[in-house]
Amino acid sequence: MFYDKNMISIKDLKPLNKNEWEIPKSYRQDMQVPVRVLSSIELLEQVMEDRSLEQAVNVATLPGLVRYVAVMPDMHQGYGFPIGGVAAMRMADGVISPGGIGYDINCGVRLLASNIELDGANHLIDSLATRINQVCPSGVGSEGSIPLTGKELETVLSEGSHWALKNGYANDSDLDRTEENGRMDIAIPVKVSKRAKQRGINQLGSLGAGNHFIEVDVVQEIFDEKAAQVMGLKPGCLVLQIHCGSRGLGHQVCSDYVLDFQSAMQKYGIHLPDRELACAPLDSLEGKAYMGAMTAAANFAFANRQVLAHACRQAFDEIFAGHFKDRHLRQVYDIAHNIGKLETHLEAGRAQKTCVHRKGATRAFGPGSPEIPHDYQEIGQPVLVPGSMGTSSWVLTGNTDSMDISFGSCCHGAGRLMSRSKARKLVQGSQLIMDLKGKGVNIKAGSLSGLAEEAPGAYKDVDLVVETVVNMNIAKKVARLVPVAVIKG
Amino acid sequence: MGYSEIQHAADWALYVWGSTIEELFSEAARGMYNLMSVEKEELDNKTLTSFQSPVGDKETQLVAFLQELINSLEEENMIYDQFEFQFSPGNCRVKMYGHIVKSLGKLIKAVTFHNLAIHHEQAGFNVEIVFDV
């Protein structure tokens, strides 16, 4: 049995310009706002193959939405919210929806840069990948490198990367160059269930599985020399990406509150077309409880990526000792792509306090935004767009136009094109490893079928996705990265 | 009774059916374990445990039941293959018999409510379940 094809067709979309389309509010009676589809026509034709637009229409029925629901060019079908969906809810009368943030709360990407040239390091890449694989636990149910006591976990939930700084896993620049400085200070750890804490207590410093990875890349091309210089990106030099989130703790928080909110919706008289969109008013006890738990889980994820970064730094140091004097990995930036953020956005020309839900979408604030680090004030916030395994990844900077177009948001990756089951049938994991090795990419993978699901052909063309956001002036290109080693669970 | 996998762009999904609600829940569990490629140790004795869902409708009970199985898998390395259900209005209690896990392919992160609606037709019960992977 298969899902029915998307009921929405291209003729239902009103073209606003080459890269923006609208599904008007009149499309369905229960829509509160329109849907703004940010996509080239080429990517849009792919989108019609799944139900992401129908899901976006469902999101548009939520109470308290500002302007419209936006979907990014890397959108694909999710459950509840489409992946690549952005929805800003008014604090005064809007709702918060755990499904709109995702099970992997603060799944995100961290980028670190080095002065190590690939030319001189090529013969050590396999050893580096092996070492990273050893010191960064990955795979199904992986336990972390740092077992915590209950009290320590409470501190991590409250302090995020600041816990890592106090315990020697971070430096000040790391925190400065992390979204929210690595800590959401409205976190309320007591709103995280005992079950969620049980799941997370042994997972700090672990990568997990699925589409999570650590990737060693080389900077292939620079498009904005000034921005690259500020970020510390040098052509031909190695960089490192870490993609993971809040592990079992975050998953449980989301599960707990999606379940809780089933009854909250009845209490507040909210009726929605999809129960996975379950929500509660932002100013309700239930809404505030989830906000407190979600931000605590986000802090866990910041700390998790920080600990993994520390382990990768040690790996670089060990492997390149005696070969390179400067072996340090400097933080470029760390961003979230499954998160709820309190931000101010314009509605009918007036500043409105909102909770922005980003599910498979990243923040992309432009130059001069007070929320971004001092170092990046002139160039704008780094936006990290990892491609699929074996393809390029991108470093961009946010533009101020993103605030008008997409609530200060950008794409988060390539977006899936093919179901996991189809990918497993078409691709042999072992053959994929050989194919990628032939292209100079060293793979360390815990699961061959898991690897097959993440094959490049299962994803959209990330270069096309990036071209779209750049053409829309949401972001600017800084650098293109290509992989030399991929570590996956 | 039975289950089959549904194509989904990013995650896993099942279509499950059964003559009775008990069969539906049992098959949903079997299907979910099958997606995760869970294998059990054959020679150990069966372990008994029990679970009570939070108060809610049948869909809520199903999500909570399956989530409990995922949590047991992750935390205790247990797979359950025999169930005795007791349904009362708004409530589901289940005695579960299971084994230690021998191997696991890929862990499901969560059970979603997306498109989740248990249909009761002449032939029995059916439901579509989407899992977060």
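Order of the sequence lines fixes the chain letters, A, B, ..., with proteins taken first and strands second; residue numbering starts at 1 for each chain.
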* Out of curiosity, B:Asn71 CG to A:Arg199 CZ, how far, rounded to the nearest 0.5 Å? -> 4.5 Å
* To do: Evaluate whether atom NZ of A:Lys444 has more than 12 neighbouring non-hydrogen atoms of other residues, nucleotides or ligands under 6.0 angstrom away.
  => yes
* To do: May I ask you to check whether over 12 heavy atoms, not counting those of B:Gln86, lie within 6.0 Å of atom CD?
  => no
* Asked: Roughly how far, to the nearest 0.5 Å, is OH of A:Tyr79 from CH2 of B:Trp12?
  -> 13.0 Å
* Asked: If we only count heavy atoms from C-beta on, is the B:Glu74 to A:His251 side-chain gap below 4.5 Å?
  -> no
* Looking only at non-hydrogen atoms, find the nearest pair between A:Asp274 and B:Asn115 and report the distance. => OD1-N, 3.6 Å
* Intermediate values then yes/no, salt bridge (Lys or Arg N to Asp or Glu O under 4.0 Å), A:Arg195 and B:Glu68 -> CA-CA 10 Å; A:Arg195 199 66 187 272; B:Glu68 178 68 19; 3.1 Å; yes
* Asked: Could you state the interatomic distance from CG (B:Asp132) to OG (A:Ser255), rounded to the nearest 0.5 Å?
  -> 8.0 Å
* So, the side chain of B:His114 versus the backbone of A:Gly80: is there a donor-acceptor pair under 3.5 Å, distance only? -> yes
* Asked: Quick one: does A:Glu276's side chain have a donor or acceptor within less than 3.5 Å of a partner on B:Phe113's backbone?
  -> yes
* Asked: Can you tell which of B:Gln67, B:Met36, B:Glu59, B:Lys109 has the highest number of heavy-atom pairs within less than 4.5 Å of chain A?
  -> B:Lys109
* **Heavy-atom pair of closest approach, residues B:Leu116 and A:Arg275** => O-CD, 4.4 Å
* Asked: Given that the side chain runs from C-beta out, which part of B:Val111 has a heavy atom under 4.5 Å from chain A: side chain, backbone, both or neither?
  -> backbone
* May I ask you to test the A:Leu259-B:Thr60 pair for a side-chain heavy-atom distance under 4.5 Å? => yes
